[in-house]
Participant: 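Below you will find the structure I want to go over with you.
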Amino acid sequence: MCRGLDSLPITCLERAKELKALFGSLLQKSDHNIAKKNDKLKFSVNEPLKWKESFEKLLSSQNGLCLFRAFLVSEFSEENIAFYLACEDYRTTKPSKLAAKAKKIYDEFIGSDTPREVNLDHVTKAITKENVEQPTQSCFDLAQAKIYTLMEKDCYPRFLKSSMYLELTRKTKRG
């Protein structure tokens, strides 16, 4: 099911490496904001600490999302965040493209023996399959909510206890 690090977008892998390097260098910097030269994105020293406040804060941070996604790859469960993000993107799809995009998401994440099958109960799968037959922008809402809850209750606490996150917060607290 999991394709490992190869399935993670190269930009996200690069971003995770940059974050590790940037936050790691905070010990040696007196400035509390670091700007990335290419896109002028600023990182606050306290940003990783805010991710602990809520799962929503983690997902709403571009840096947090990239690091969380890299963590999920290491846990062999990256399909969960990929599905969640595909659903977020799906909501903004033009009505004329809903059917094709719904089929693609279903075939990648929900159907039996799909390449990146997410862990959904039989009832949720059946409802989603029915919804995809007459797609609307909300046809994945139930499945997405189940995966969100799974990540929030299972993956997110593990992320907060991971050496990746703990090392980052230790460095920012000393910075």
Side-chain angles (χ1 to χ4, degrees), residues 1-92 105 108-110 114-121 124 140-141 143-175:
M1 260 200 241
C2 182
R3 294 181 287 181
L5 290 174
D6 292 337
S7 67
L8 192 61
I10 191 71
T11 55
C12 202
L13 279 174
E14 289 170 356
R15 192 83 177 122
K17 288 176 185 175
E18 287 173 9
L19 286 173
K20 187 175 181 183
L22 283 171
F23 286 124
S25 69
L26 286 175
L27 289 172
Q28 300 157 355
K29 299 215 181 246
S30 59
D31 186 12
H32 287 261
N33 285 312
I34 301 171
K36 185 179 174 214
K37 293 177 184 172
N38 296 356
D39 59 10
K40 307 283 191 263
L41 187 61
K42 291 189 177 188
F43 304 100
S44 165
V45 171
N46 295 321
E47 185 176 2
L49 299 175
K50 290 179 183 175
W51 303 338
K52 193 172 188 172
E53 293 173 13
S54 73
F55 186 51
E56 185 58 39
K57 285 189 180 184
L58 174 69
L59 293 185
S60 65
S61 162
Q62 180 183 6
N63 299 328
L65 179 60
C66 274
L67 210 57
F68 183 63
R69 192 167 190 174
F71 169 75
L72 291 178
V73 166
S74 75
E75 294 266 307
F76 303 104
S77 59
E78 187 264 344
E79 68 279 357
N80 292 323
I81 194 69
F83 172 70
Y84 176 83
L85 294 172
C87 292
E88 288 295 295
D89 179 61
Y90 178 80
R91 279 198 187 94
T92 63
I105 292 171
E108 184 173 355
F109 298 105
I110 298 175
T114 60
R116 300 168 81 186
E117 186 176 357
V118 291
N119 188 10
L120 293 170
D121 60 89
T124 302
F140 291 106
D141 285 0
Q144 184 186 25
K146 298 263 182 172
I147 294 303
Y148 181 93
T149 300
L150 173 72
M151 290 189 299
E152 182 178 38
K153 303 289 184 216
D154 183 46
C155 305
Y156 175 61
R158 285 199 324 269
F159 170 73
L160 295 177
K161 293 175 186 174
S162 71
S163 59
M164 178 190 302
Y165 177 75
L166 292 174
E167 180 182 328
L168 196 57
T169 57
R170 271 194 296 271
K171 288 179 179 180
T172 57
K173 284 180 185 176
R174 288 186 269 161

Participant: Where do T169 and K52 land on the side-chain contact (heavy atoms from CB on, under 4.5 Å) test, with the steps shown first?
Facilitator: CA-CA 10 Å; T169 57; K52 193 172 188 172; over 6 Å; no
Participant: State the CG-OG distance between L67 and S61, to the nearest 0.5 angstrom.
Facilitator: 9.0 Å
Participant: Please determine whether the number of non-hydrogen atoms from other residues, nucleotides or ligands lying under 6.0 Å from atom CG of D89 exceeds 12.
Facilitator: yes
Participant: CD of E47 to CG of N63: how many Å apart, nearest 0.5 Å?
Facilitator: 4.0 Å
Participant: On a heavy-atom basis, which atom in E79 and which in V118 lie closest, and how many Å separate them?
Facilitator: O-CG1, 3.6 Å
Participant: Report yes if the side chains of R158 and F71 come closer than 4.5 Å at any heavy-atom pair, otherwise no.
Facilitator: yes
Participant: Supply the atom-to-atom distance E108 CD to I105 CD1, rounded to the nearest 0.5 angstrom.
Facilitator: 8.5 Å
Participant: Give me the atom names and distance for the closest heavy-atom approach of F159 to L58.
Facilitator: CE2-CD1, 3.8 Å
Participant: Taking all heavy atoms of L49 and all of Y165, pick out the closest pair and write down the distance.
Facilitator: CA-OH, 3.9 Å
Participant: Determine, step by step, whether F140 and Y90 satisfy the ring-ring contact (aromatic ring centres under 6.0 Å, His included) criterion, reporting the C-alpha distance in whole Å, the side-chain angles of both residues, the deciding distance to 0.1 Å, and the verdict.
Facilitator: CA-CA 9 Å; F140 291 106; Y90 178 80; 5.1 Å; yes
Participant: Distance from Y84 atom OH to L65 atom CG, nearest 0.5 Å?
Facilitator: 9.0 Å
Participant: Just wondering, do L59 and W51 contact through their side chains at under 4.5 Å, heavy atoms?
Facilitator: no
Participant: Looking at C155 and F68, what are the two nearest heavy atoms and their distance?
Facilitator: CB-CZ, 3.9 Å
Participant: Please report the shortest heavy-atom distance between M151 and I81, naming the atom on each side.
Facilitator: SD-N, 3.7 Å
Participant: Look at the side chain of E117 and the backbone N and O of F109, then say whether any donor-acceptor pair between them is shorter than 3.5 Å.
Facilitator: no
Participant: For a quick test of reading the model, state the closest non-hydrogen atom pair linking E152 to P157 and the distance between them.
Facilitator: O-CD, 3.2 Å
Participant: Taking atom CG of N80 and atom CD of E75, what is their separation to the nearest 0.5 Å?
Facilitator: 11.0 Å
Participant: Tell me every residue that passes side chain to side chain contact (heavy atoms under 4.5 Å, CB included) with T124, counting only those two or more places apart in sequence or in another chain.
Facilitator: L120, D121, T128, L142, A143, K146
Participant: Rounded to the nearest 0.5 Å, how far apart are CZ of R69 and CD of E78?
Facilitator: 4.5 Å
